[in-house]
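Letters go in sequence order (proteins before strands), and every chain restarts at 1.
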There are 2 protein chains.
Amino acid sequence: MRLNELDERIVHALAEDARRSYADIGAEVGLSAPAVKRRVDRLRAEGAITGFTVRVDPAALGWETEGFIEIYCRRNTSPEAIHRGLSRYPEVASASTVTGEADALVQVFASDMRHFERVLERIAGEPFVERTKSVLVLSPLLRRFSSGAPS
Amino acid sequence: MRLNELDERIVHALAEDARRSYADIGAEVGLSAPAVKRRVDRLRAEGAITGFTVRVDPAALGWETEGFIEIYCRRNTSPEAIHRGLSRYPEVASASTVTGEADALVQVFASDMRHFERVLERIAGEPFVERTKSVLVLSPLLRRFSSGAPS
DNA sequence: GTTGAAAATCTTCCGCC
DNA sequence: GGCGGAAGATTTTCAAC
């Protein structure tokens, strides 16, 4: 699938503020409100836009501690097994299999350091996990867009 | 700041679909539409909700290659300098200063491997960057919520 | 927090290019 | 195929309670 420049500008406008009116976005990109809606509907149908969500301040919601956990798996662990194992943790915000020494990189939000430690220990104890290596986030500098499915 | 259970349920509903109407959310949590709006307005004013955004499928938008770059900075580089340097790259989706050997962890989306390599080289050439270490994402397993500021 | 009304927006339809 | 204008339906918004 290929998007033209108009679609990209619409997605960009929605990424900055998904509650802007179609007429408002249309004024920016040079289209009428119905034309913008039609394109957004098409982008949703095609799967380019998977939904609309709210941007939250984790700290304000009580998730003050953020970190990344590199997971080193046992031999013959499938990505599906990692997904199944990690999706049970509400603290896991994102996870991907990666190249390099580690097998997966997991982003975790916890309420505080003790909570983070507890999550880390539980993940490290998963049967498919051989060992872990983790770093804590000091300050979030930049967060731009949201991708993927809600859960 | 502390949110009560009603606020959390409203944020949760918006996280799943930020375009649901206030009346619809109100029916779920047991409030009228204006009551829900007032709480959302308050959450925005307090900073718990920092905005509304669209959830996109990076691959559908042509961002097929994802990776993480660890940045090792020169001495006396402030987080603000890193932020200024990285915010110019549209390919940078998120960035945080972290504990451990590296100084910052940067998430990058690129159209393909050549594009990723070009971004990596440009970032590695930034004056505040001493060296970098990067991993490529093989498969995104899980992506849950969006946090932080738009840019 | 609720109700009710006004204003804005969304959504669909239709004619046009 | 896509676009703009206009209609009704829905939602947002702001009163008063």
Side-chain angles (χ1 to χ4, degrees), chain A residues 1-57 60-62 144-151, chain B residues 1-64 111 145-151:
Chain A
M1 177 195 326
R2 191 70 200 99
L3 306 178
N4 64 29
E5 194 217 325
L6 230 40
D7 289 330
E8 285 187 25
R9 289 172 65 192
I10 290 171
V11 170
H12 183 81
L14 287 174
E16 283 190 341
D17 181 5
R19 288 226 150 176
R20 283 181 69 182
S21 73
Y22 291 133
D24 198 15
I25 296 171
E28 185 177 309
V29 305
L31 288 177
S32 66
V36 175
K37 176 182 162 30
R38 273 194 293 264
R39 282 174 179 263
V40 172
D41 287 344
R42 179 173 51 77
L43 290 167
R44 294 201 66 166
E46 290 173 346
I49 291 176
T50 59
F52 298 91
T53 189
V54 67
R55 227 178 349 240
V56 301
D57 177 2
L61 290 165
R144 277 210 176 105
F145 41 69
S146 178
S147 57
S151 108
Chain B
M1 180 196 319
R2 192 70 199 101
L3 306 178
N4 64 29
E5 194 218 323
L6 229 39
D7 289 330
E8 285 187 26
R9 289 172 66 191
I10 291 172
V11 170
H12 184 78
L14 287 173
E16 284 191 341
D17 180 7
R19 290 221 149 176
R20 284 181 68 181
S21 72
Y22 292 135
D24 198 16
I25 297 171
E28 185 177 309
V29 304
L31 288 177
S32 66
V36 175
K37 177 186 160 29
R38 270 202 292 267
R39 280 173 181 263
V40 172
D41 287 344
R42 178 174 52 75
L43 290 168
R44 294 200 67 165
E46 290 172 347
I49 291 176
T50 60
F52 297 91
T53 191
V54 66
R55 233 185 336 247
V56 301
D57 176 3
L61 290 165
W63 303 85
E64 310 234 12
S111 53
F145 41 70
S146 175
S147 58
S151 103

Find every protein N or O atom lying less than 3.5 Å from an N or O atom of nucleotides 7-16 of chain D, and list the pairs.
| unit_1 | atom_1 | unit_2 | atom_2 | d |
| --- | --- | --- | --- | --- |
| D:dT12 | OP2 | B:Tyr22 | N | 3.0 |
| D:dT13 | OP2 | B:Lys37 | NZ | 3.3 |

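A:Arg20 CZ to A:Ile25 CD1: the interatomic distance, rounded to the nearest 0.5 Å, is 5.5 Å.
In this structure, the side chain of B:Ser111 does not engage the main chain of B:Gly62 through any donor-acceptor pair within 3.5 Å. A donor-acceptor pair under 3.5 Å is formed between the side chain of A:Arg55 and the backbone N or O of A:Glu16.
Side-chain contact between A:Glu46 and B:Asp57: absent, with no pair of heavy atoms (C-beta onward) separated by less than 4.5 Å.
When each of A:Arg39, A:Arg38, A:Lys37 is checked for a salt bridge (charged side-chain N to carboxylate O under 4.0 Å, His left out) with A:Asp41, only A:Lys37 meets the rule.
For A:Leu31, the listed nucleotide lying nearest its side chain is D:dG4; candidates were D:dG4, C:dG1, D:dG2.
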